[in-house]
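Okay, structure first, notes after.
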Amino acid sequence: MSDSVPLRLPSVDRALATDAMRALAAQYGHSALADALRGEFDALRPQALAGTLGAAAIEDSALHAACEQRLQARFAPRLRSVFNLTGTVLHTNLGRALLPDEAVQSVMRALTAPANLEFDLASGGRGDRDGLVEDLLCELTGAQAATVVNNNAAAVLLMLNTLGQGREVIVSRGELVEIGGAFRIPDIMARAGARLVEVGTTNRTHTKDYAQAIGEHTALLMKVHTSNYAVSGFTKSVSESEVAAIAHARSLPLAVDLGSGTLVDMAQWGLPREPTVRDIVNAGADVVSFSGDKLLGGPQAGLIVGRKELIATIKKNPLKRALRVGKLTLAALEPVLRLYLQPEHLAARLTTLRLFTRPQAAMRQQAQALLAPLQTAVGDAYTVEVAGMSSQIGSGALPVDVLPSAGLRLRPAGARQSGRQLARLEEALRGLPRPVIGRVAEQALWLDLRCLEAAEQVVFEAQLPALQRALQARPA
Ligand SMILES: *Cc1c(COP(=O)(O)O)cnc(C)c1O
């Protein structure tokens with residue numbers, strides 16, 4: 001090896017001719033391997049041209065290692081499983097509801113075998129994909145008809161466009177909500193081609209505000225669930241049944257965007273009370289929309305239930321075709337809805353409800369069991385403690401209500417640079433084979449164990465040695 005003679009890159013063919021490279025080619029295919037090698041050469045070329053390329057970089061073993069790393073990165077899935085220890089059960093950025101096994105099996109069947117998605121097995125004629133879940137939705141909500149679209153934002157757009165295009169829709173100023181991800185009622189209204197007529201004030205809206213706003217151009221009255229905030233203090237809003245009465249007196253329909261929407265009274269499990277879809281239908285709402293992957297615990301979907309003729313009109317809107325759900329959504333939704341036919345089993349079988357209702361003592365016990373191994377993994381740079389915590393349901397459902405839970409709180413041992421220490425810990429946790437996502441607050445990292453069920457705990461513990469290695473490799 002001489003530093004005085006500038007090194008040149010070998011030919012691609014020569015570099016690929018080793019046994020180790022042949023093994024990589026067998027695994028990933030020749031073309032992907034050649035791409036990886038060319039990528040590596042492109043990265044080394046400036047040094048080769050400048051005469052600064054070291055011999056070590058182009059040894060067979062180094063090129064093999066570089067190619068293997070490039071191929072692993074290229075073929076690694078981008079959508080990865082993580083541990084959601086944020087304390088927010090329905091975490092929008094982490095994919096919201098986890099689905100029960102019935103739904104998983106059903107999706108798998110739909111993926112691998114043809115199904116009667118739009119085929120009526122009784123008549124042999126064309127069927128309607130909504131028909132697969134419409135009866136269930138009607139039974140569970142008391143509505144006359146139902147339809148399904150891609151998400152609740154789509155459901156609201158479709159309701160407003162069908163029933164309000166070119167005309168006025170009356171909404172209280174206290175309900176002009178923004179949901180994360182740029183969903184704002186005034187914007188959706190504009191895109192739907194409807195004119196928003198705001199009534200009342202931010203904190204108080206009265207019956208007469210709605211009544212006085214109705215005119216010859218009014219198409220619809222609308223109520224929106226204020227999912228992700230609470231107005232408290234000197235407030236007044238008008239109930240669905242009162243707005244329905246005002247609307248019906250003028251032969252107008254009432255649409256309700258219920259946001260999360262629940263099919264059962266959550267209070268029976270000690271959870272905060274939310275109006276059910278059935279409550280809203282009974283209150284006189286003519287169409288109601290809600291999400292499939294919030295409190296309902298199913299796949300991403302927007303469900304619209306209501307009066308038969310209105311749902312029929314909605315289904316005839318060409319936008320419905322653009323917003324319709326795929327077979328995977330329906331395959332997942334149907335078994336989830338069917339679980340609601342057996343309310344006694346729901347808290348055990350519906351994954352989200354099981355997570356909402358986990359007793360604090362169970363999580364505390366888990367935290368106790370994980371305390372010592374976690375302390376070992378993070379070393380003496382951090383102090384680990386069992387701590388009581390507050391989980392949230394999330395996704396704008398019941399924003400001010402919290403579920404008492406328990407978990408582990410990790411604090412940097414020294415006061416100096418604790419912010420950097422925390423960032424380093426978070427990064428190490430995110431870098432694990434199955435990334436761990438916690439929550440930073442009050443100069444500590446909080447790992448809420450509500451969403452770590454027993455089988456998951458095993459996987460979590462198994463990667464603690466990897467956490468230890470990662471922290472040791474990058475000391476503070
Ligand atoms: C969550 C929510 C939406 C949007 O529902 P997605 O299913 O996320 O599209 C719309 N309106 C309200 C009130 C919500 O809470």
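Remember, predicted model here, so these are calculated numbers, not experimental data. Counting starts at 1 for both ligands and their atoms, in listed order.
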Assess the residue pair Arg250 and Tyr210 against the criterion (side-chain hydrogen bond (donor to acceptor under 3.5 Å, both in side chains)); give the C-alpha distance rounded to whole Å, side-chain angles, the decisive distance to 0.1 Å, and a yes or no. CA-CA 11 Å; Arg250 306 287 290 269; Tyr210 285 99; over 6 Å; no
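- With contacts defined as side-chain heavy-atom distances shorter than 4.5 Å, the pair Leu374/Leu467 qualifies.
- Ligand 1 does not have Val177 within reach: every non-hydrogen atom of the residue lies 4.0 Å or more from it.
- For Ser291, a nitrogen or oxygen atom sits less than 3.5 Å from a nitrogen or oxygen atom of ligand 1, counting backbone and side chain alike.
- Contacts of Asn152 with ligand 1, taken as heavy-atom pairs under 4.0 Å, involve both backbone and side chain.
- Put simply, the side chain of Thr141 does not reach to within 4.5 Å of the side chain of Val288, judged on heavy atoms.
- The residue Gln300 has no part lying near ligand 1, judged by heavy-atom distances below 4.0 Å.
- By the 4.0 Å heavy-atom criterion, Ile179 is counted among the residues contacting ligand 1.
- With hydrogens and angles left out, the side-chain atoms of Tyr28 and Arg70 include no donor and acceptor closer than 3.5 Å.
- Between Ala153 and ligand 1, at least one pair of N/O atoms sits closer than 3.5 Å.
- Judged as a salt bridge (Lys or Arg N to Asp or Glu O under 4.0 Å), and not counting sequence neighbours, Glu242 has no contacts.
- Heavy-atom neighbours of Arg173 CZ from other residues, nucleotides or ligands within 6.0 Å: above the threshold of 12.
- Arg96 counts as a contact of ligand 1, since one of its heavy atoms falls under 4.0 Å from the ligand.
- Using a 4.0 Å cut-off to heavy atoms of His225, the atoms of ligand 1 that qualify are 13 (C).
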